[in-house]
Structures are given as C-alpha cells and as structure tokens.
Amino acid sequence: MEQVITRFAPSPTGYLHIGGARTALFNWLFARHHGGKFILRIEDTDRERSTEESIRAILDAMQWLGMDWDEGPYYQTQRLDVYRDYLQRLLDKGLAYYCDCSPEDVERRRQEALKAGKKPKYDGRCRDKGLGPGPGRVVRFRCPQVGTTVLNDLIKGAIEFENSELDDLVLQRSDGYPTYNFAVVVDDVSMKVNYVIRGDDHVNNTPRQILLYQALEAPLPRFAHVPMILGPDRTRLSKRHGATSVMAYKDQGYLPEALVNYLARLGWSYGDQEIFSRQELIEKFDLDRVGASAGVFDQEKLLWLNAHYIKEKPAGEIAGLLKPFLAQRNYPEHDDAYLERAVTTLQPRCRTLQEMADAIAFYLVEEVDYDPKAATKFLKPELAAPLRSLIETLRGMEPFQEEELEKAFRRMAEEMGVKLGKIAQPVRVALTGVTASPGLFEIIDILGKETVLRRLEKALEFVEARAQ
RNA sequence: GGUCCCAUCGUCUAGCGGUCUAGGAUACUGGCCUCUCACGCCAGAGACACGGGUUCGAGUCCCGUUGGGACUACCA
C-alpha cells in the first residue's frame, strides 16, 4: 500500500479553534496510525486577513496539543511560482481563460439572476473572448457544463453533483494570487497528499476541485469529510458559544490530554471506550469509525475528562503545570516538595488547573481569611476551651503526622463526648477559612506544626473576641 | 431561493435485519463511604423525529415529510 500522506491546512486568520484542532487531530492520527506523513500548510493567500500573529498562535496550539508534523509548515504565499506554473498548463490547454469582468459587474449580475429566480452563477461572459493577461483581470476555470461529478467520500459515501450547478470559478485573482480552490488542489497534487480529511463545510467545494484534478490530469486523493462541531444551539461552533480557541482552554487550566481525548471522541468512537491515551488513539483511530452526523461540543464532558487526567497525572507534573497559574495569583513562594504534597490532596477535587490554583490558596498564603458564613457557624465562643486544649495537645505532638493527628483528634472527641465532626469543622475553618477542603489530618500534616498552631491561635483570638 | 449533508437518552455515542423489553459515557436524582467537600462504589430516571414501503422480521434497507446544518466570493 502506498504511503498515506495527510495534511492540515489552516488559514491564519485567527487562532486555532476547536473545529480546526479536531480536523488536524484526525489527519494527524490517521497519518500516525498508518505510518504515513502529516504535512502542515498555511493557507495565507488572503493577504487582507492573514496575520503573523495567527500563524504563531496556530503553531503554538499544535505544539501544545502534541501534534507534530513531518513537513512544513509550507506557506502558500511562498509558492506563487508553483501556482503560476500549474495555471499556465491550464491556460495552454484552453481549460482556463482570462476574464475582465469587474467584481461589481459580476456581483450585480449575480443579484439580478437571483432576483429573476435563477442560479447566481458567473454567466461565462468572457469564456470565449480570448483575452490575454492584463491589469484587473482574473483567470477563470472553464468548468464542464454537462455531466455528473461524483465524490466517493470515505465518511459520507457517494455524493453526486451535476456539473451544470457549477460555474467558472476564479483560479487567480486580479492581484495575481491564487484562490483557495485552486491553491488547495495544486498544493495537494504537488505535495502528493492522498487523503484529504477536512470539515464537511467543504463538501460543496469538492466537485470543482475534482474537476480541477481532472483538468490537471492528476490522480484523485481519497476524500473524508468529517462533520461539523456545533454549539449548544446546534449552529456551527463559534465565538458566540464561548471559548473556541484551543489556547483559551490551556489558559483555563485544561490539560492537552483531555482536549485531545475529548476531540477524538467527538465524531469518532471505539465501542464503549471513553478514555484513550495518545498511543491508544494512534493504534485505534481509523476513518471507518468516524460518524456522519454533526456533534455538539459538550463543555461538561470535557471537564470530566480533564478531571480524570488531573487525577491520573503524577502530582509532580501537575505541580509544574500549575506554577504559571500560581504566579498569576502572586502567592508566596514555596518549595516543590511542599507544593507537590498540597497538589496530591487537591487532585481528586479539582477539574481544572484554575480551580486548583484557587483551591490551593490556604496552603500557600500567610494568613487565611474566614468565609463569614463559615466563621459564624463554626467559630463560636464556646469553642475557646476546646481550642485551647487542642493547641496544647498539638504543641506537644512529636512526630506531627497524619496518622498520629487523627488518633489525637479522635481521642479528644471521645473525651469530650462529641462526634469527630464537631471539632473537625471548626478546625477546618480555622485552617482553611472555609468548610470544604481536603482531609483535615493531611492538611494539618502538610501545613506543619508552626502554621497550624499560628492559625489555631488566631482562631482562638477570634472566638474569644466574639465572646465579649 | 438553489445545491449538498445529517437525524438513537439533554449531550457524546454503541448498534452495521432477528441476541434491542436499545448498551456505555457525561450531566441529573437517590443511596453507600465519610471529619467537610470531592473521589470511588451502587441504584434510578432518560432516546430509536414522523409517515409510508421492502421483509417472516426494521433503530438497522428504500422513499417521502418534518427538523437541523453547511455551501452558494477575486474568504478559506
């Protein structure tokens, strides 16, 4: 079997979004699965909207998601001579022609046709004028007007198009740059791309492209049009639906493993399996298990996957990834070992790194602030005595460790004739400021004797003040 | 308007004519665990859009209806 060659060809007119990322992922996975080649190509022929910044952002996102490419990035604007060469072949064969209709005229005639209830196609006015190159002139494809073009899509099956529906599309703009439909074909032909995997918003472009392949006498690639990703309102996912940029997910504290896993399962499935490592994805991914219908992007499920990967990853790695988020919050510095222990207790409790960076606050700040409700409910005046005795007990404890601490607390609760929770909750508030936290004894162990005693004494002062 | 695509729980999906009184995941609800919150475990509720065919038999095949989506540029 010939080597599989796929490509991802974004246009640098914005950030890499969720939909593009999935298209890239499917191409990447397909190539890796088949031991093929994955090419990255930047389609920057729209000089108005393409930006350097977007290119940077797309490359960053590809890298963050762990999708490496074997060739490229190629830039279409650096391949202008290639398009001219191919265009000349078409011109020489009479399969393309110059056209001097102004954009305004074409648009006006289009509107008129529409109003008259006809198809808004280019009317072929310059088809046989025999025009040569000149300022303001474009080159159009002499599109066959009879016959049927069939697209044998790997995902959707056979789709037929009447050539009479198609018109003479522009191949080269008046500024000399190729248009998308032409550049994409020339690139895929010259780069020997044999599997074109892209969003199904391109289905209607495909017959023209097939016709161009034929005009160029180039072998046809296999096409696979993957369904769109929709927002909750079932329209094409866009900024309106919230974060759609891949890097926005990084900033929100998502792990690339989670996003990759989620995106892979959106539109593709493998029996009942939900969790896939990158390696498993490469082993198991194939086009025959890609569904034909559009899917809604479900933030909740992504969150669940992210929580899964946060729990699963070694604490040391999570701690490292967490640092930038900590820096945003200006917490005091702590050593890695301490951070790692704190992270361990938070892993089952946080769905994103942002959540974790918030939750870890009490471990890192000098003094905690009490949540007013929590303080009112649990730091009551009658706690003064128990707190005093607790402080005494803890002061004398050596070693100051989780297991011993738990025993001491249980003993104390028993002596007082109350349930453990009765003293655990006030202490929790004293140490963390809130009523929900990791296990009390692991917290005490990690915070260390000095911090714990300091916070307990502050709590004692607080309850004593309330007593007056 | 025209062309094209799509249609199983709210969402992602399994299902490739009989084993489907439709399975899994997520979200939701209840319970267990428990020092709180999570995690985890158990249980529950929840779907084949509709109408015709084909067939001994249809979620599965065909047609239509309805609904949704995409495209219709000198954007990609």
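Sequence lines set the chain letters: A, B, ... in the order given, protein chains first and strands last, and positions in each chain run from 1.
Other residues, nucleotides and ligands contribute more than 12 heavy atoms inside 6.0 Å of the NZ atom of K311(A). Counting non-hydrogen atoms of neighbouring residues, nucleotides and ligands closer than 6.0 angstrom, the NZ atom of K419(A) reaches no more than 12 such neighbours.
Closest to the side chain of E43(A), out of G1(B), A76(B), C6(B), is A76(B). Nearest nucleotide to the K311(A) side chain, out of G1(B), G40(B), U36(B): G40(B). Candidate nucleotides U36(B), C74(B), U26(B) were compared by shortest atom distance to the side chain of V170(A), and C74(B) ranks first. Considering only the side chain of K156(A), C5(B) comes nearest among C5(B), A14(B), G2(B). With distances taken from any side-chain atom of A292(A) to the nucleotides C6(B), C37(B), U11(B), the minimum falls on C6(B). Of the candidates U3(B), A76(B), G10(B), U3(B) carries the atom nearest the F161(A) side chain, counting heavy atoms from C-beta on. Taking the side chain of R110(A) as heavy atoms from C-beta on, and the options A76(B), G2(B), A73(B), the nearest nucleotide is A73(B). Side-chain proximity of D272(A) to A14(B), U26(B), C39(B): nearest is A14(B).
Using a 4.0 Å cut-off between charged side-chain N and carboxylate O, D371(A) and K373(A) make no salt bridge. Checked for salt-bridge contact, R222(A) and D153(A) miss the test: no charged N lies under 4.0 Å from a carboxylate O.
Looking at heavy-atom distances under 4.0 Å, I159(A) makes contact with sugar-phosphate atoms alone, never a base. Residue contacts shown for C99(A) are absent, as no nucleic acid heavy atom lies under 4.0 Å away. Among the heavy atoms of the strands lying under 4.0 Å from G439(A) is at least one base atom, whether or not backbone atoms are also near. R289(A) comes within contact range of the sugar-phosphate backbone alone, with a heavy-atom separation under 4.0 Å but no base atom that close.
A gap of 25 Å separates the C1' atoms of C63(B) and A22(B), to the nearest Å. Spacing of C1' atoms, C61(B) relative to A45(B), comes out at 33 Å, to the nearest Å. With P as the reference atom, U19(B) and U60(B) are 13 Å apart, rounded to whole Å.
Rounded to the nearest 0.5 angstrom, T235(A) OG1 and R240(A) CZ are separated by 4.0 Å.
Taking side-chain N and O atoms only, R265(A) has no distance below 4.0 Å to OP1 or OP2 of U13(B). Note on R198(A): every side-chain N or O is 4.0 Å or more away from OP1 and OP2 of A70(B). Listed pair S293(A) / C5(B) fails the phosphate criterion, with no side-chain N or O lying under 4.0 Å from OP1 or OP2.
Distance, H225(A) NE2 to A76(B) C1': 13 Å, rounded to whole Å. Atoms NZ (K118(A)) and C1' (U72(B)) sit 17 Å apart, rounded to a whole Å. Note: CG (L420(A)) to P (C35(B)) measures 6 Å, nearest angstrom. Separating the CZ atom of R410(A) from the P atom of U34(B) is a distance of 9 Å, rounded to the nearest angstrom. Between the P atom of A27(B) and the CG atom of L303(A) lies a distance of 8 Å, rounded to the nearest Å. Look at OH on Y180(A): it is 12 Å from C1' on C71(B), rounded to the nearest Å. Atom CZ of R351(A) is separated from atom P of C39(B) by 9 Å (rounded to the nearest Å). Atom C1' of nucleotide C74(B) and atom CG of D100(A) are separated by 14 Å, given to the nearest angstrom.
Donor-acceptor pairing under 3.5 Å, judged by distance alone, is absent between the side chain of T179(A) and the base of C74(B). The base of C12(B) sits within donor-acceptor range of the side chain of K301(A), with an N or O pair under 3.5 Å. Between the side chain of N205(A) and the base of A76(B), at least one donor-acceptor pair of N or O atoms lies under 3.5 Å. Residue-to-nucleotide contacts include no donor-acceptor pair under 3.5 Å from the side chain of R349(A) to the base of C39(B).
Between the side chain of R265(A) and the backbone N or O of Q273(A), at least one donor-acceptor pair lies under 3.5 Å. Without hydrogens or angle criteria, D167(A) side chain to Y122(A) main chain gives a donor-acceptor distance under 3.5 Å.
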Show me the protein contacts with nucleotides 64-69 of chain B, counting only N or O atoms at under 3.5 Å.
none

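Under the 6.0 Å distance and 45° angle rule, R47(A) counts as a cation-pi partner of Y177(A). Remark: K156(A) is not positioned above the aromatic ring of F223(A), lacking an NZ or CZ atom under 6.0 angstrom from the ring centre and at most 45 degrees off the axis.
Of the residues in residues 6-30 of chain A, those lying under 4.0 Å from RNA chain B by heavy-atom distance are S11(A).
The nearest heavy atom of RNA chain B to E274(A) and to S269(A) marks one nucleotide each, and the one closer to the 5' end goes with S269(A). Of the two residues contacting RNA chain B, namely G421(A) and D167(A), the nearest-nucleotide position lying further toward the 5' end is that of G421(A).
If you look at F8(A) and F38(A), their ring centroids are not closer than 6.0 Å. Between W268(A) and F285(A), the ring center distance clears the sub-6.0 Å criterion.
Using the six-membered ring where Trp is involved, Y249(A) and F297(A) have ring planes that are perpendicular, over 60° apart on the 30 and 60° scheme.
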